[in-house]
J.: 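Below: one structure in structure tokens.
For this chain, numbers begin at 1 and follow the sequence in order. All heavy atoms count here, side chains included; hydrogens, waters and symmetry mates do not.
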Amino acid sequence: MTVARTASLEEAFGLLKQHENAIALVQNSIHRVERDIFGELHAETRNMSCALESALEERKINVAGITIPENTGAITPHSLITQRDKVKSVIGKTISEYTTQSSVRECLETIHYRLSGGATEKLDILCSAVLSDQ
């Protein structure tokens, strides 16, 4: 059985946590619609990172030792889309390292699928709203 390298799993987890932290920083917007969207995105991303954390612990990987990249610069809907795309790409690469099914691979596939869903559409709508206000 071929499994993903620990470094790939750690990179995926670190980027997912970075994305979760970025959303947490902007979820308390003064605008109700933004607050609602960011609140939903944060809850969804938090659920994904908790699921991945459990999968890593199943592989005996100490998540406390994983480096989580810091968010630098302004956090905008566009930067969140960029982060989300990067997380999705790294998770896709990590999935490709598996040649057989496992609970960790299933977790990664679920997260990859969820990153492809409606959350990105919501961020696109926020991007459009920001641009139309300028």
Side-chain angles (χ1 to χ4, degrees):
M1 174 172 92
T2 303
V3 295
R5 297 183 338 260
T6 299
S8 297
L9 292 167
E10 289 178 349
E11 179 185 14
F13 180 75
L15 291 173
L16 186 58
K17 289 298 287 184
Q18 177 191 31
H19 184 59
E20 177 190 340
N21 293 342
I23 294 172
L25 291 172
V26 295
Q27 78 174 356
N28 294 319
S29 170
I30 60 170
H31 304 286
R32 187 185 60 79
V33 173
E34 287 181 0
R35 228 181 9 255
D36 292 347
I37 290 172
F38 287 137
E40 286 177 31
L41 292 174
H42 184 255
E44 178 183 293
T45 306
R46 175 85 179 122
N47 288 339
M48 286 187 270
S49 67
C50 286
L52 185 53
E53 181 175 340
S54 294
L56 295 178
E57 288 173 347
E58 182 180 307
R59 287 261 322 258
K60 307 293 187 239
I61 296 173
N62 179 12
V63 295
I66 296 174
T67 301
I68 299 168
E70 289 192 33
N71 290 296
T72 57
I75 297 170
T76 64
H78 181 71
S79 69
L80 292 172
I81 290 170
T82 301
Q83 276 185 347
R84 204 167 184 87
D85 289 345
K86 185 173 182 181
V87 172
K88 183 180 170 190
S89 173
V90 168
I91 287 179
K93 178 186 72 129
T94 304
I95 291 168
S96 73
E97 294 177 9
Y98 282 86
T99 57
T100 59
Q101 279 302 116
S102 72
S103 59
V104 177
R105 180 180 176 159
E106 289 174 14
C107 175
L108 291 168
E109 288 172 339
T110 300
I111 292 170
H112 192 266
Y113 175 77
R114 290 170 72 185
L115 288 170
S116 304
T120 301
E121 292 170 8
K122 290 176 186 176
L123 289 170
D124 284 336
I125 291 167
L126 282 178
C127 273
S128 298
V130 167
L131 290 175
S132 66
D133 281 350
Q134 293 178 351

J.: Identify the two heavy atoms, one from Ile91 and one from Ala12, that lie closest to each other, and give their separation to 0.1 Å.
T.: CG1-CB, 3.9 Å
J.: How long is the straight-line distance from CD of Glu10 back to CG of Leu56, given to the nearest 0.5 Å?
T.: 7.5 Å
J.: Is a donor on one side and an acceptor on the other found under 3.5 Å between the side chain of Ser49 and the backbone of Arg46?
T.: yes
J.: Below 4.5 Å, heavy atoms only, C-beta onward: do Lys88 and His112 meet side chain to side chain?
T.: yes
J.: Should Gln101 and Glu109 count as side-chain neighbours, where that means a heavy-atom distance under 4.5 Å?
T.: yes
J.: For Gln18 and Glu70, indicate whether the former's side chain and the latter's backbone hold a donor-acceptor pair under 3.5 Å.
T.: yes
J.: Evaluate the side-chain proximity of Ile111 to Cys107: yes if any heavy-atom separation is below 4.5 Å, no if none is.
T.: yes
J.: Would you give the length of the straight line joining atom CG of Leu108 to atom OG of Ser96, rounded to the nearest 0.5 angstrom?
T.: 10.5 Å
J.: What is the distance from atom CG of Leu16 to atom CD of Glu11, rounded to the nearest 0.5 Å?
T.: 12.0 Å
J.: Applying the side chain to side chain contact (heavy atoms under 4.5 Å, CB included) criterion to Ile68, which one of Glu20, Lys17, His19 satisfies it?
T.: Lys17
J.: Tell me, do Arg84 and Thr45 make a side-chain contact under 4.5 Å, heavy atoms counted?
T.: yes
J.: Starting at CG of Leu9, measure out to CG of Leu52 and round the result to the nearest 0.5 Å.
T.: 7.0 Å
J.: So, taking the atom named OG1 in Thr110 and the one named CD1 in Ile95, what distance separates them when rounded to the nearest 0.5 Å?
T.: 8.5 Å
J.: Got Met48 and Val87 here, is their nearest side-chain heavy-atom distance under 4.5 Å?
T.: no
J.: Looking only at atom types and distance, does a side-chain atom of Glu58 sit under 3.5 Å from a main-chain N or O of Val104, one as donor and one as acceptor?
T.: no
J.: For a 4.5 angstrom cut-off between non-hydrogen side-chain atoms, does Ile61 reach Phe13?
T.: no
J.: Is the shortest heavy-atom distance from the side chain of Leu15 to the side chain of Gln83 under 4.5 Å?
T.: no
J.: Working to the nearest 0.5 angstrom, can you tell me the gap between Ile23 CD1 and Asn71 CG?
T.: 9.5 Å
J.: State plainly whether one hydrophobic cluster holds both Phe38 and Leu25, where clusters connect Ile, Leu, Val, Met, Phe, Trp and Tyr through side-chain heavy atoms under 4.5 angstrom apart.
T.: yes
J.: With a 4.5 Å heavy-atom cut-off, do Leu41 and Leu80 have their side chains touching?
T.: no
